[in-house]
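Here the structure is laid out as structure tokens; the discussion comes afterwards.
All heavy atoms count here, side chains included; hydrogens, waters and symmetry mates do not. Labels below follow one simple rule: chain letters A, B, ... track the order of the sequence lines, proteins then strands, and each chain is numbered from 1.
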Amino acid sequence: MPTLSRRFSTLSTPIDLFLQWKPQRETQQLLWPPLSPSQLQKQQKLLQSKLILALDGCTSVKHVKQVHAHLLCQGLDQCCFVLSKLIRMLTKFCVPMETYPRLIFHQVRCPNPFLWNAMIRGFILQGTLSESVSLYNCMRRDGTRPLSFTFSVFFKACSATLDVDLGTQMHAQTILVGGYGSDLYVGNTMIDMYTKCGLLESGRKVFDEMPDKDVISWTELIVAYSKSGDMESARDLFVELPVKDKVSWTAMVTGYAQNARPREALEVFKRMQTEEVETDVVTLIGVISACAQLGASNYAKWVRDVAERSGFGPHENVVVGSALVDMYSKCGSIDEAFKVFKQMKERNVFSYSSMIVGLAIHGRCHEAIQLFHDMLESEIKPNHVTFIGVLTACSHVGLVEQGQQLFAAMKTHYDVDPSVEHYTCMVDLLGRVGRLEEALEVIKTMPVEPNACVWGALLGACRTHRNPDIAQLAANNLFELEPNTIGNYILLCNIYASAGMWDEVSEVRKLMREKGLKKSPGYSWIEGKKGEIHEFFAGDMRHPMSIEIKQALEDLVNRLKAHGYVPHLNSVTYDLHDEEKRRLLLNHSEKLALAYGLLSTDVDYTIKIMKNLRICEDCHAFMCGASKITGREIIVRDNMRFHHFHNGTCSCGNFW
DNA sequence: ATAGGGTTAG
């Protein structure tokens, strides 16, 4: 009489059930009357599915071996159906294909396509593509027709290893063997292979020749175009795509975001909302990144609400949470970013890095360094980005020694190899405090090839510390690496102009003219009360309130002058009359934006200005003064960092 | 068996 506990003990996983079997031949017991052939076949089938179930439940190689022993005992050593599953399990547990799986395979006289496939797949997964290829050739000599997913597995491997030669050969094979022309899996993995290997046109050709395409084929190509920067082709395909799903929509949102077109990304996302397409984590990450680029608070709030409503708030999802931290910090709301960070239930290296970098670019460097130390205690290992953040923080507050110590510890304690970026931080660290020769020495002795960023950091430091000689050296290297980046020439012009070296200024100007480089127009934007964006270009009079803005600026500059503000005429690199320089300076777009902000918002409202270029010295001093005499909080995000102006001082410490 | 994903810097 079975007790209750005995009965419950039978409620176990398939592998446990299996292990209770007695190893005896279940199918050939002497029975009377004997089983008919169809009954026998049924019994065989049952046994096979039992074995498959047992294999599915295996959690170790040992289990698989037990099932194998049982299988042999039942006389199923030729049963390809079960054996291919068995080999798949061995692959899953990383048993080297050369050993046990190969042995099993060799004992089979007539392997079926599934068994071949299991072997080929196993070798591919273990990184021995060449062995897979020779197995494939054996299979072909054997007269066996490959399965469509044998090809898929190959294409996937070629896409991962960027082995376009093998991919092309396999493509030829599909044509040679024939009959795969309408197979979606083969076609789609082939498109993926070609596009990942950078042969967009070949991918497109496969796509065009496919008689049936599904949404996956379309999406693969859309992604390929957007990765190549061709959003126009991506959009054209998307428009033609008959049935769009959330993945193809997301591909468009992310595509625009990754191509620095945040407004279009937001447009697509809005349309997704009106068409009631489901929003998931991946969609959110794309649109959050777009918001971060735009830096618009109202959009930020809206996107965050959508995230919360979809059930992926910072509390639920680390990735969304980390993206929101980055977004808020780039929108100028560093306190909100910190709030989100604290709300997060789970934090990873991305969350910490985003927060540390955020604090650093907002000039809250001691907090950034503190957070870095908190992170070390939380057992989350810092990565290369974390170090960029904390080194940036050190350099912003002039903590040279601490920065140098951290830099040294990177490799020895945290196993992070210093990259060019980290050396850039070191050049910046030394350059900011005026140790320009030492910074130059770092560049000369660094083990990695210095890139434009490194020389740019040095050139930037030369501007602050007015050193035209080293500037010349840095600029020459920079011009070689980035002959067409206008900002470098302008920076050098500024440095020469500050030193009154007008001949050199005109030399550089001549160089720019010869190269046909045009100054990209500086512009600033500010968010209105209702979330609308107001854009200002230098000297722009197109804004409906231009007259008032101009007047407000005149008033402001007069009040500032009374408080000792002197226009930094050196910020103008044209050799003009001082009066003309004064006029030009007052036209700078961030000043126009500031005047609009002062006119249109209440006293307790923080004015947030975004700018596409680096803020000039004059505007910086102007903002400092304005924050003092108006008592307003002003934040300017230029292309480098945030400047928080409060009561006459800036968070960057006049150092940027 | 096949498609979309986050942080960095002068």
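Note on A:Val320: nothing from the nucleic acid sits closer than 4.0 angstrom, heavy atoms only. Within the 4.0 angstrom heavy-atom criterion, base atoms lie near A:Ser353. Among the heavy atoms of the strands lying under 4.0 Å from A:Glu482 is at least one base atom, whether or not backbone atoms are also near. Nucleic acid contact for A:Lys330: sugar-phosphate only, since backbone atoms but no base atoms lie under 4.0 Å from a heavy atom of the residue. The residue A:Ala452 sits close to a base: some heavy atom pair falls under 4.0 Å. Residue contacts shown for A:Ser217 are absent, as no nucleic acid heavy atom lies under 4.0 Å away. Within the 4.0 angstrom heavy-atom criterion, base atoms lie near A:Val319. Residue contacts shown for A:Asn348 include a base, since a base heavy atom lies under 4.0 Å away. Contacts of A:Glu421 with the nucleic acid, taken as non-hydrogen atoms under 4.0 Å apart, include base atoms. Residue A:Lys213 is classed as having no contact, given no heavy-atom separation below 4.0 Å to the nucleic acid. Counting any heavy atom pair closer than 4.0 Å across all strands shown, A:Leu478 reaches a base atom. Base contact: A:Thr283 has a heavy atom under 4.0 Å from a base atom. Nucleic acid contact for A:Val357: sugar-phosphate only, since backbone atoms but no base atoms lie under 4.0 Å from a heavy atom of the residue.
With respect to the salt-bridge test (charged N to carboxylate O, under 4.0 angstrom), the residues A:Asp415 and A:Lys381 do not qualify. Look at A:Asp335 and A:Lys339 and you find no salt bridge, because none of the NZ, NE, NH1 or NH2 atoms lies under 4.0 Å from a carboxylate O. With salt bridges taken as basic N to acidic carboxylate O contacts below 4.0 Å, one links A:Glu617 and A:Arg463.
Using a 4.0 Å cutoff to heavy atoms of chain A, the contacted part of DNA chain B runs 5' to 3' from B:dA1 to B:dG10.
For the segment residues 186-195 of chain A, the set of residues with a heavy atom within less than 4.0 Å of an atom of DNA chain B comprises A:Asn188, A:Thr189, in numerical order.
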Step-by-step side-chain contact (heavy atoms from CB on, under 4.5 Å) determination, A:Tyr256 to A:Arg235: CA-CA 10 Å; A:Tyr256 279 123; A:Arg235 195 205 44 224; 3.7 Å; yes
A:Phe387/A:Tyr414 under ring pair (Phe, Tyr, Trp, His ring centres under 6.0 Å): CA gap, chis, key distance, verdict: CA-CA 10 Å; A:Phe387 276 104; A:Tyr414 305 103; 5.6 Å; yes
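Within the model, atoms CD of A:Glu336 and CE of A:Met327 stand 8.5 Å from one another, a figure rounded to the nearest 0.5 Å.
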Run the side-chain donor-acceptor check on residues 150-158 of chain A: report pairs under 3.5 Å with partners two or more places apart or on a different chain.
| from | atom 1 | to | atom 2 | distance (Å) |
| --- | --- | --- | --- | --- |
| A:Thr150 | OG1 | A:Asn117 | OD1 | 2.7 |
| A:Ser152 | OG | A:Ser148 | O | 3.4 |

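Neither side chain, A:Tyr194 nor A:Arg204, offers a donor N or O lying under 3.5 Å from an acceptor on the other. At a cut-off of 3.5 Å, with distance as the only test, no side-chain donor of A:Asp236 or A:Ser233 sits close to an acceptor on the other residue.
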